[in-house]
Amino acid sequence: MEYTIISDAQRMAERSKFIKTTVVGVTCVPFSGGQPKGGVDDGPIEMVRFGILDQIQDMGYSVELSEGMDKYRSMKPASDLPIGKMKNPRYVSMAARRVSDQVKAHCEQGRMAVTLGGDHSIAMGTLTGSSMVYKDMCVIWVDAHADINTPETTDSGNLHGCPLSFLLGLCKSEAPFDWIEPCLRADRLVYIGLRDVDPGEKAILRKHGIKAFSMHDVDKHGIGKVVEMALDHVNKDRSLPIHMSFDVDALDPSVAPATGTPVRGGLTFREGHYICEAVAETGCLVALDLVEVNPALGDPESLRQTVAVGCSLVRCSLGESLL
Ligand SMILES: NC(=[NH2+])NCCC[C@H](N)C(=O)O
Ligand SMILES: [Mn+2]
Ligand SMILES: [Mn+2]
């Protein structure tokens, strides 16, 4: 009997409607300026230390790593006074702009773009970058939070709670964020996992008719149905490219404790992985963010657990569990 072994990477390349290479373009973004807690900047380093790059290669992919990840720390301006309520606006803007260039470069080369954060403000960059190459892409935002505050509606002033308002063009184009072109349509965005949404954010979701599947919906329908409905909403024929932005705090804190804004009642280990598997299965995924892993929060075991689950979500999104 002869058996032909095909790598996960080859299998995904055959399945993929947009990516025909087996190259993954990884961008590590050690950045914490979008929120006040230190440590989230070490998230990507801990994931690399845990072996994520080798793990991706073991699946049969080759890895192209964006250069100069240390630069994200050194680009912090000496002075960065708040603008209105926004904290660290210049630093967040500069970092996101660089992320955008790096992600765009990977997409242009036909690579699957994987970005490891860092706090979620870096999605201003990841989505700007991918959308320049994939103009009609849709976004699946997996998160406990909606991250759609505007500079006016935010209470915290933390920009990791705001990236989507910039990308959707809900706030006026002003320095230092005037480089961001609105690149996302409200009907091409869908959320899964929400359970901590600010009043101003609820008003925005309602006004723009943005589809969200909260934990209530996951309980009610089950994760299988929710992912199907989410995909049907943004990508009816499974013909559009997908950028998935996965905030690890979408998972329950018992599964991913080391994160800055944990909210109880989140996705189980399997529900989180199911989302990644189902998205991989569409053959539409072109870019993935895995953000908000904060190794500084909690004991060593919480850290190990959170980093491990982050790596495993990335591998599943790259097709590890597809047969
Ligand atoms: N990416 C995150 N973890 N975001 C949390 C945001 C929390 C809150 N909605 C805020 O605007 O500050
Ligand atoms: Mn979150
Ligand atoms: Mn988030």
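For ligands, and for the atoms within them, numbers begin at 1 and follow the listed sequence.
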Students should be able to answer this: which protein heavy-atom is nearest to [atom], and at what distance?
{"atom": "atom 11 (O) of ligand 1", "answer": "N149 ND2, 3.0 Å"}
{"atom": "atom 12 (O) of ligand 1", "answer": "S156 OG, 2.5 Å"}
{"atom": "atom 3 (N) of ligand 1", "answer": "T261 OG1, 2.9 Å"}

I need the atoms of ligand 1 closer than 4.0 Å to a non-hydrogen atom of [X], numbered in the order shown.
{"X": "G161", "result": "6 (C), 11 (O)"}
{"X": "E201", "result": "9 (N)"}
{"X": "D249", "result": "3 (N)"}

Check: What N/O/S atom of H145 is the closest to the Mn ion (ligand 2)?
Finding: ND1
Next item on the list: Just give me the atom name: the N, O or S atom of D143 closest to the Mn ion (ligand 2).
Entry: OD1
Next item on the list: Have a look at V248, D196, V40, D147 and point out the one with the heavy atom closest to atom 6 (C) of ligand 1.
Entry: D147
Margin query: Minimum distance, heavy atoms only, to atom 5 (C) of ligand 1: which one of H120, E292, H145 is it?
Written below: H145
Are [X] and [Y] within salt-bridge range, i.e. N to O under 4.0 Å?
{"X": "E201", "Y": "R206", "answer": "no"}
{"X": "R11", "Y": "E14", "answer": "no"}
{"X": "D136", "Y": "R185", "answer": "no"}

Note to self: Let me check your reading of the structure: within less than 2.8 Å of the Mn ion (ligand 2), is there an N/O/S atom from D249?
What the structure shows: yes
Note to self: Strictly distance-based, threshold 3.5 Å: is any side-chain N or O of H273 a donor or acceptor partner for the main-chain N or O of F269?
What the structure shows: yes
Next item on the list: Return yes or no for this condition: an N or O of D198 is under 3.5 Å from an N or O of ligand 1.
Entry: yes
Next item on the list: Indicate, as side chain, backbone, both or neither, the part of D247 found under 4.0 angstrom from ligand 1 when only non-hydrogen atoms are considered.
Entry: side chain
Notebook entry, point to check: Under 3.5 Å, is there a donor-acceptor pair linking the side chains of H160 and D147?
Noted result: no
Notebook entry, point to check: Just checking, any donor-acceptor pair under 3.5 angstrom between side chains of S173 and D178?
Noted result: no
Next item on the list: Could you check which N/O/S atom of D247 is closest to the Mn ion (ligand 3)?
Entry: OD2
Note to self: Checking one value in my table: which N/O/S atom of H120 lies closest to the Mn ion (ligand 3)?
What the structure shows: ND1
Notebook entry, point to check: If you round to the nearest 0.5 Å, how far is OH of Y61 from CE of M12?
Noted result: 4.5 Å
Checklist line | ring-ring contact (aromatic ring centres under 6.0 Å, His included) between W141 and H243, intermediate numbers included | finding: CA-CA 9 Å; W141 194 277; H243 186 136; 8.5 Å; no
Item checked: Residue that, paired with L116, satisfies side-chain contact (heavy atoms from CB on, under 4.5 Å) out of V314, V29, I45 -> V314
Notebook entry, point to check: Honestly, is R73 close enough over F31, meaning NZ or CZ under 6.0 Å from the six-membered ring centre and within 45° of the axis?
Noted result: no
Next item on the list: Assess D147: does it contribute an N, O or S atom lying under 2.8 Å from the Mn ion (ligand 3)?
Entry: yes
